[in-house]
Amino acid sequence: MQNERGDNVDLYVPRKCSYTSRLIEAKDHGSIQINVAQVDPATGIYSGESTAFALAGYIRNKSEGDMALTVLVQENDSSMAAAAAATSI
């Protein structure tokens, strides 16, 4: 819910799992959110930006958290490379 100024005034904003798109409930104590740094591919230096990935406890309980994070980062890297190539043309 938002007020007149457009500020978010909800007490709880639910998150979705970045891998399965499942809703992460408030009682899901096994869920995590990881911020992965954006690195300049030419210099290897941290650019000051990061991408947040949320993983549900369901994925971590199935011991697939590392695979899910790897897939998400690879997809993010390929989309960032495509965006950089499109802007350099």
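Since we're looking at a predicted model, the values are computed, not measured.
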**Message:** Could you walk me through whether D7 and Q2 satisfy the side-chain contact (heavy atoms from CB on, under 4.5 Å) test, starting with their C-alpha distance in whole Å, then the side-chain angles of each, then the deciding distance to 0.1 Å, before giving a yes or no?
**Reply:** CA-CA 5 Å; D7 297 332; Q2 295 179 345; over 6 Å; no
Drop me the distance from [X]'s [atom1] to [Y]'s [atom2], to the nearest 0.5 angstrom.
X: T70; Y: E75; atom1: OG1; atom2: CD; result: 11.0 Å
X: R60; Y: K62; atom1: CZ; atom2: NZ; result: 14.5 Å
X: D28; Y: R22; atom1: CG; atom2: CZ; result: 9.5 Å
X: T20; Y: E64; atom1: OG1; atom2: CD; result: 10.5 Å

**Request:** Look at atom OH of Y58 and say whether more than 12 heavy atoms of other residues, nucleotides or ligands are closer to it than 6.0 Å.
**Result:**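 12 or below, so no.
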**Message:** Does atom CD (E25) have a neighbourhood of more than 12 heavy atoms from anything else shown, all under 6.0 Å?
**Reply:**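 No, CD of E25 has 12 or fewer neighbouring heavy atoms, counting only those of other groups under 6.0 Å.
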Please find the pair of heavy atoms, one from [X] and one from [Y], that lie closest to each other, and give the distance.
X: A54; Y: K16; value: CB-O, 3.7 Å
X: D66; Y: S63; value: OD1-O, 4.0 Å
X: L55; Y: C17; value: CA-SG, 4.0 Å
X: A52; Y: Q33; value: CB-NE2, 3.5 Å
X: A68; Y: I59; value: CB-CG2, 4.0 Å

**Linked, directly or transitively: I34 and V39 (ILVMFWY side chains, under 4.5 Å)** =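 Result: no, two separate clusters.
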**Request:** Report whether L23 and F53 are members of the same hydrophobic cluster (ILVMFWY, side-chain heavy atoms less than 4.5 Å apart, transitive linking).
**Result:**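 No, because L23 and F53 fall into different hydrophobic clusters, even though each may have its own neighbours under 4.5 Å.
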**Message:** Is there a side-chain hydrogen bond (donor to acceptor under 3.5 Å, both in side chains) between Q38 and S50? Walk through the geometry before answering.
**Reply:** CA-CA 5 Å; Q38 303 276 336; S50 62; over 6 Å; no
**Side-chain (D40) to main-chain (I45) donor-acceptor, under 3.5 angstrom** =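 Pair absent, no side-chain N/O of D40 close to backbone of I45.
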